[in-house]
Amino acid sequence: MFAEDDARLRDFLSTGRRFAVASSIEDTLALVLSAAVDTSPATDLAGVLLLEGRGTITSPATTDAVVNELDQVQADHTEGPCVDSIYDQELVVVDDFADHLDRWPHFARRALDLDVHSSLSFQLYSEGRSAASLNLFSRRANAFAEEDRIFGSLFANQAGLALRGAQRAAQLDRAVASRDVIGTAKGILIERFGVGEDEAFQRLVRSSQDTNIKLVDVARWLVGESTPTAEG
């Protein structure tokens, strides 16, 4: 199989280097979709579905408004190949949505109405309450061959690692930024009221509890209120 698809294999192998240059979650998602479409000739549309928090399904990146609509149907009715993939299955293959009207009545009918007839869904990762799936759609029935499933599974493994890495980097950046702003807010309270570091922190905590506002948001407000603005 690979000998007949050397160009496709080279494109697939280059995706790791493309992921390495992504500097944010948004960049990583854009690269995941562009690389997925580039390495899958049968794919007409693609998207990434995320499961976060208390079962909230979101659609942060798609190639087309049609995918946005299909993802919304899946989120609203908790049905469809992408939902099955994100929750339970590493790979979901649909040769023809016309054969799945009983399985996914809302989604399959809407897909056919939008002239989408087949799909491949790959689980990118599943960790605790967080999960993601990559979903490839075709306007033709029986569009995806065995090599699409093989390449897609390998690609999804790469993409999942890249996406989790980008998410963890973003979480670390937010944690560092939160720590810095809380430290600045503590410094303001120490200077303003002549209290110690522990007392300054406890005042922030009490303000957070009394107002039901996150500690870091209280700190941001205090820092903002204490920072002179330029006149002009």
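Starting from 1, each residue takes its place in the sequence as its number. These numbers come from the heavy atoms of this one structure, side chains and all, not from hydrogens, waters or symmetry mates.
Across Thr56, Leu124, Ile57, Leu163, a single residue satisfies side-chain contact (heavy atoms from CB on, under 4.5 Å) together with Leu50, and that is Leu163. Shown are Val48, Thr62, Leu49, Leu33; of these, the side-chain contact (heavy atoms from CB on, under 4.5 Å) with Val67 is made only by Thr62.
Using modelled atom types, no side-chain atom of Thr63 and backbone atom of Leu45 make a donor-acceptor pair closer than 3.5 Å. Using a distance-only test at 3.5 Å, with no hydrogens or angles considered, a donor-acceptor pair links the side chain of Ser153 to the main chain of Arg149. Under the 3.5 Å distance criterion, the side-chain polar atoms of Thr43 are left unmatched by any main-chain donor or acceptor of Leu136.
Using modelled atom types and a 3.5 Å distance limit, the side chains of Asp115 and His117 yield a donor-acceptor pair. Donor-acceptor pairing under 3.5 Å is recorded for the side chains of Ser121 and Asn135.
Under a cut-off of 6.0 angstrom, the local environment of CG in Asp113 is crowded, with over 12 non-hydrogen atoms contributed by other residues, nucleotides or ligands. Within a 6.0 Å radius of CZ in Phe144, other residues, nucleotides and ligands contribute more than 12 heavy atoms. The number of heavy-atom neighbours closer than 6.0 Å to CD of Glu199, taken from other residues, nucleotides and ligands shown, is above 12.
The hydrophobic cluster around Leu161 extends to none of the other residues, as no ILVMFWY side-chain heavy atom falls under 4.5 Å of it. Taking Ile, Leu, Val, Met, Phe, Trp and Tyr as members and joining any whose side-chain heavy atoms lie under 4.5 Å apart, directly or through other members, Val37 forms no hydrophobic cluster with any other residue.
Note on ring orientation: taking the six-membered ring where Trp is involved, the planes of Phe137 and Phe107 are tilted (angle from 30° to 60°).
Counting only residues at least two apart or on different chains, the salt bridge (charged side-chain N to carboxylate O under 4.0 Å, His left out) pairs with a member in residues 66-86 are Glu69-Arg110, Asp84-Arg103.
Separating the OG1 atom in Thr78 from the CH2 atom in Trp104 is a distance of 14.0 Å, to the nearest 0.5 Å.
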